[in-house]
Visitor: 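Take a look at the following structure, please.
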Amino acid sequence: MSNMMRDSQIMAQIRDENLGYMSDMALELAQMAEDTGLATLAYLFRMAALEASTANSVLAELDDLSRQVTSH
């Protein structure tokens, strides 16, 4: 495996972990906001969590596609 390929896999892994962390944090903040009676803020945090997890799965699909293309 080339260095560039390995580097891009490591970067993808770090990115996935970061997006996962962002999603988890946003859900925790949403829960805290809800507990404090801040429904609008809770809603915004839930949207942020959804955004992070959607970005994560879209980027994972793109990674898979580029891997398929380069493996041929």
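Positions are given from 1, in the same order as the sequence printed here. Atoms considered below: every heavy atom in the structure, side chains included; atoms not considered: hydrogens, waters and symmetry mates.
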Visitor: Rounded to the nearest 0.5 Å, what separation is found between the CG atom of Asp24 and the CD atom of Glu28?
Guide: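 Rounded to the nearest 0.5 Å, the CG-CD separation comes to 7.0 Å.
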Visitor: Is Leu19 reachable from Met11 through a run of I, L, V, M, F, W or Y residues, each pair having side-chain heavy atoms under 4.5 Å apart?
Guide: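 Different clusters.
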Visitor: Is the CE atom of Met32 crowded by more than 12 outside heavy atoms at less than 6.0 Å?
Guide: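 No, not enclosed.
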Visitor: Nearest 0.5 angstrom please: Thr54 OG1 to Met47 CE, how far?
Guide: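 With rounding to 0.5 Å, OG1 (Thr54) is 9.5 Å from CE (Met47).
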Visitor: Name all residues meeting the side-chain hydrogen bond (donor to acceptor under 3.5 Å, both in side chains) criterion together with Glu34; count only those two or more places apart in sequence or in a different chain, and write none if there are none.
Guide: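 With sequence neighbours excluded, Glu34 shows a side-chain hydrogen bond (donor to acceptor under 3.5 Å, both in side chains) to Arg46, given in chain and number order.
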Visitor: Looking at CG of Leu27 and CE of Met22, how far apart are the two atoms once the value is rounded to the nearest 0.5 Å?
Guide: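 Going from the CG atom of Leu27 to the CE atom of Met22 covers 12.0 Å.
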Visitor: With a cut-off of 6.0 Å (strictly less than), are more than 12 heavy atoms of other residues, nucleotides or ligands near CD of Gln31?
Guide: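 Enclosed: over 12 neighbouring heavy atoms sit under 6.0 Å from CD of Gln31.
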Visitor: Report yes or no: do Leu50 and Val58 belong to one cluster of Ile/Leu/Val/Met/Phe/Trp/Tyr joined by side chain heavy-atom distances under 4.5 Å?
Guide: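 As far as the 4.5 Å side-chain criterion goes, Val58 and Leu50 are not connected within one cluster.
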Visitor: Heavy atoms only: give me the nearest Ser53-Ser23 pair and the separation to one decimal.
Guide: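 Between these two residues, the closest heavy atoms are CB-OG, 4.0 Å.
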Visitor: Starting from Ile10, walk the hydrophobic network (Ile, Leu, Val, Met, Phe, Trp, Tyr; side-chain heavy atoms closer than 4.5 Å) and list everyone else you reach, by chain and number.
Guide: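 Listed partners: Ile14.
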Visitor: Does any part of the side chain of Thr36, heavy atoms only, come nearer than 4.5 Å to the side chain of Leu41, both counted from C-beta?
Guide: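 A side-chain contact under 4.5 Å is absent here.
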Visitor: Could you list all the salt bridge (Lys or Arg N to Asp or Glu O under 4.0 Å) pairs where at least one residue sits in residues 10-21, not counting sequence neighbours?
Guide: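 Matches after skipping sequence neighbours: Arg15-Asp63.
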